[in-house]
Protein chains: 2
Amino acid sequence: MRLAVYSRFLEQLQEQGHGTVSSCMIARGTGVTPAQVRKDLAYFGEFGTRGVGYDVEALSGHLKRILGLDRKWPTVLVGAGKLGSALALYEGFLTRGFHIVGVFDIDPDPVGNRFGQLDVLPMERLEEVIQRYGAQIGIITVPANAAQEVGERLVDAGVRAILNFSPYVLNLPEGIIVRHVDFTLHLETLTFNLVYKKEEFKTF
Amino acid sequence: MRLAVYSRFLEQLQEQGHGTVSSCMIARGTGVTPAQVRKDLAYFGEFGTRGVGYDVEALSGHLKRILGLDRKWPTVLVGAGKLGSALALYEGFLTRGFHIVGVFDIDPDPVGNRFGQLDVLPMERLEEVIQRYGAQIGIITVPANAAQEVGERLVDAGVRAILNFSPYVLNLPEGIIVRHVDFTLHLETLTFNLVYKKEEFKTF
DNA sequence: CTCTGTGAACATCTTCACAGCT
DNA sequence: AGCTGTGAAGATGTTCACAGAG
């Protein structure tokens with residue numbers, strides 16, 4: 001996760017024309033400690049030069065290769081509701097190499113709608129599209145009760161990594177990489193911290 | 001975070017009419033180990049009975065109180081774009097006690113649009129609404145370049161916890177609780193794992 | 001016999017502090 | 001002097017394994 005944050009920060013620096021950067025600067029810009037930054041980067045090789053710092057462009061390139069962002073990732077999105085459409089139209093994905101090659105929905109209502117350059121396709125065509133584009137990444141934005149079935153179909157069709165926005169904990173085979181993004185869960189960590197802030201637990 | 005996951009799982013069990021539940025069941029349903037579940041719960045008190053398990057209803061209540069979900073949380077949302085509107089209309093927030101009391105946008109275009117029962121309000125009224133409802137939670141769904149300013153205004157007006165969906169690392173005073181939800185960052189951890197899966201690092 | 005609660009062992013993550021390069 | 005890379009120390013998080021309650 002931190003590598004991805006560094007990567008984005010480096011891109012910012014590149015745009016601003018910085019030539020080199022120190023671990024302290026990266027630390028301040030990303031909210032971690034300088035030692036942490038150095039440890040993280042050193043784990044993958046010696047990218048810096050002592051006494052000077054890191055070359056912004058070189059380091060940015062290294063990070064992108066490490067994160068797998070030096071290639072295009074065909075991605076499918078299932079669930080064309082409000083959230084699905086927001087994600088399908090989000091330019092941030094494209095600029096980082098994530099190409100949405102298909103948006104799917106069971107509900108025939110949004111099918112046929114155009115999201116940017118994409119049609120919403122019926123679920124029947126899911127497997128076909130995944131295989132045609134070799135999509136390894138799937139994004140799930142369907143309601144909780146449909147999430148497990150969608151996850152299984154994605155995996156069976158060849159998807160190996162899933163970003164799950166539904167409020168349901170997916171149960172998928174070992175080896176499939178799943179990240180669960182659940183908004184209410186995040187809000188609940190906020191309220192937890194608000195409640196325990198002034199009380200006995202100073203840890204939080 | 002895990003507490004929030006347990007809490008939701010417990011609610012599912014309650015709906016299905018289960019009377020008691022063991023740490024093993026919770027573990028299977030939430031993707032953690034049984035020992036972890038017990039440690040987590042025991043940290044806040046002795047909620048179970050040995051040889052039997054946990055009373056579903058009692059434990060669910062305890063978790064909600066621990067997470068601060070036994071009260072209503074007035075919440076403001078800034079940024080009425082695609083994502084903002086998806087979140088404003090998300091019923092999942094309401095059922096867990098998060099009441100969105102105001103949706104705001106600089107762009108006069110969506111101002112006046114109705115999101116469910118809510119009007120989109122101009123930014124000028126931000127402070128007024130926060131203070132009127134005593135909102136302590138803010139959700140940011142504005143572009144990166146506006147995020148920092150919005151964050152500062154929220155904090156100045158009394159907000160103490162922020163859920164940030166913009167691709168920008170907020171820099172706010174100590175004591176303000178910030179959770180950063182960045183979709184591309186999550187996707188990048190997926191690609192990182194995809195790339196390093198078959199290679200030298202067996203850790204991932 | 002089942003299942004919780006928990007100290008002790010283990011593993012992982014983070015910070016410190018300094019050697020070594022520029 | 002300035003800054004990286006890194007072993008050692010410290011902190012935190014997780015699992016084990018078993019005592020004890022029902």
Side-chain angles (χ1 to χ4, degrees), chain A residues 1-7 9-10 13 18-63 66 169 174 180 185 189 192-193 196 200-204, chain B residues 1-7 9-10 13 18-63 66 169 174 180 185 189 192-193 196 200-204:
Chain A
M1 197 83 198
R2 286 196 303 265
L3 290 178
V5 178
Y6 302 155
S7 172
F9 182 67
L10 270 274
L13 290 182
H18 289 73
T20 60
V21 64
S22 70
S23 59
C24 293
M25 276 189 253
I26 299 176
R28 235 170 309 137
T30 60
V32 295
T33 65
Q36 183 86 76
V37 173
R38 294 202 297 276
K39 258 264 149 70
D40 287 339
L41 297 177
Y43 183 73
F44 294 95
E46 303 204 359
F47 301 139
T49 50
R50 301 179 179 200
V52 180
Y54 302 90
D55 181 89
V56 172
E57 197 164 324
L59 184 57
S60 179
H62 281 128
L63 283 176
I66 292 165
V169 181
E174 279 275 319
H180 191 188
L185 253 48
T189 66
F192 173 75
N193 280 277
Y196 280 88
E200 42 190 325
F201 302 96
K202 288 281 174 186
T203 332
F204 307 113
Chain B
M1 195 83 198
R2 288 197 302 266
L3 290 178
V5 178
Y6 302 155
S7 172
F9 182 66
L10 269 275
L13 291 182
H18 290 73
T20 60
V21 64
S22 70
S23 60
C24 293
M25 277 189 251
I26 299 176
R28 236 172 307 137
T30 59
V32 294
T33 65
Q36 183 86 77
V37 172
R38 294 201 298 277
K39 258 265 150 72
D40 288 340
L41 297 179
Y43 182 73
F44 295 94
E46 302 204 359
F47 301 138
T49 50
R50 300 179 179 200
V52 181
Y54 301 90
D55 181 88
V56 172
E57 197 164 323
L59 183 58
S60 178
H62 281 128
L63 283 175
I66 291 166
V169 181
E174 280 276 320
H180 191 190
L185 254 47
T189 65
F192 174 75
N193 280 277
Y196 281 87
E200 43 190 326
F201 302 96
K202 289 280 175 187
T203 333
F204 308 113

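Everything quoted here is computed from the prediction, not taken from an experiment. Order of the sequence lines fixes the chain letters, A, B, ..., with proteins taken first and strands second; residue numbering starts at 1 for each chain. Only this structure's heavy atoms are used, side chains among them; waters, hydrogens and symmetry mates stay out.
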Participant: I need the A:L41 CG to A:L3 CG distance, nearest 0.5 Å.
Facilitator: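 If we round to the nearest 0.5 Å, A:L41:CG and A:L3:CG are 7.0 Å apart.
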Participant: Would you say B:Q36 places a side-chain N or O within less than 4.0 Å of OP1 or OP2 belonging to D:dT15?
Facilitator: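 Affirmative; the distance criterion is met.
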Participant: With a 4.0 Å limit, can you tell me whether A:Y54 has a side-chain N or O closer than that to the phosphate oxygens OP1/OP2 of D:dG5?
Facilitator: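 Yes.
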Participant: Just jot down the side chain to side chain contact (heavy atoms under 4.5 Å, CB included) partners of A:V169, sequence neighbours excluded, or say none.
Facilitator: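 Here the qualifying residues are A:H180, B:V5.
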Participant: Taking side chain to side chain donor-acceptor pair (under 3.5 Å) as the cut-off, I'd like each qualifying pair that reaches into residues 50-62 of chain B, sequence neighbours left out, listed once.
Facilitator: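 Listed once each, the pairs are B:Q14-B:S60.
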Participant: With nearest nucleotide decided by heavy atoms, which residue, A:C24 or B:T33, maps closer to the 5′ end of DNA chain D?
Facilitator: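 Nearer the 5' end of the strand: A:C24.
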Participant: What's the CG-P distance between B:L3 and D:dG13, to the nearest Å?
Facilitator: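 It works out to 13 Å between those atoms.
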Participant: Quick check for you: among D:dT14, C:dG5, D:dT4, whose closest atom lies nearest to any side-chain atom of B:A42?
Facilitator: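 Closest nucleotide among those given: C:dG5.
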Participant: Could you list the donor-acceptor pairs under 3.5 angstrom formed by side chains in residues 23-37 of chain A, with sequence neighbours left out?
Facilitator:
unit_1: A:S23; atom_1: OG; unit_2: A:R38; atom_2: NH1; d: 3.2
unit_1: A:T30; atom_1: OG1; unit_2: A:I26; atom_2: O; d: 2.7
unit_1: A:T33; atom_1: OG1; unit_2: A:Q36; atom_2: N; d: 3.3

Participant: Report each atom pair, protein N/O against N/O of nucleotides 8-10 of chain D, whose distance is under 3.5 angstrom.
Facilitator:
unit_1: D:dA8; atom_1: N6; unit_2: A:K39; atom_2: NZ; d: 3.4

Participant: At under 4.0 Å between heavy atoms, how does the protein contact nucleotides 17-22 of chain D? Give one character per nucleotide, 5' to 3', with B, S or -.
Facilitator: B--BBS
Participant: Does A:S22 have any side-chain hydrogen bond (donor to acceptor under 3.5 Å, both in side chains) partners at least two apart in sequence or in another chain, and if so, which?
Facilitator: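 Here no residue qualifies.
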Participant: How many angstroms lie between atom CG of A:L63 and atom CZ of B:F192, to the nearest 0.5 angstrom?
Facilitator: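 It is 10.5 Å, given to the nearest 0.5 Å.
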Participant: Quick one: list whatever passes side-chain hydrogen bond (donor to acceptor under 3.5 Å, both in side chains) with B:Y6, sequence neighbours left out.
Facilitator: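 For B:Y6, the residues satisfying side-chain hydrogen bond (donor to acceptor under 3.5 Å, both in side chains) (neighbours in sequence not counted) are B:D40.
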Participant: What distance do B:I66 atom CD1 and A:Y196 atom OH have between them, rounded to the nearest 0.5 Å?
Facilitator: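 Here the rounded value is 5.0 Å.
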Participant: Just how far, in rounded Å, is P of D:dG5 from CG of A:L41?
Facilitator: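 After rounding, the reported distance stands at 7 Å.
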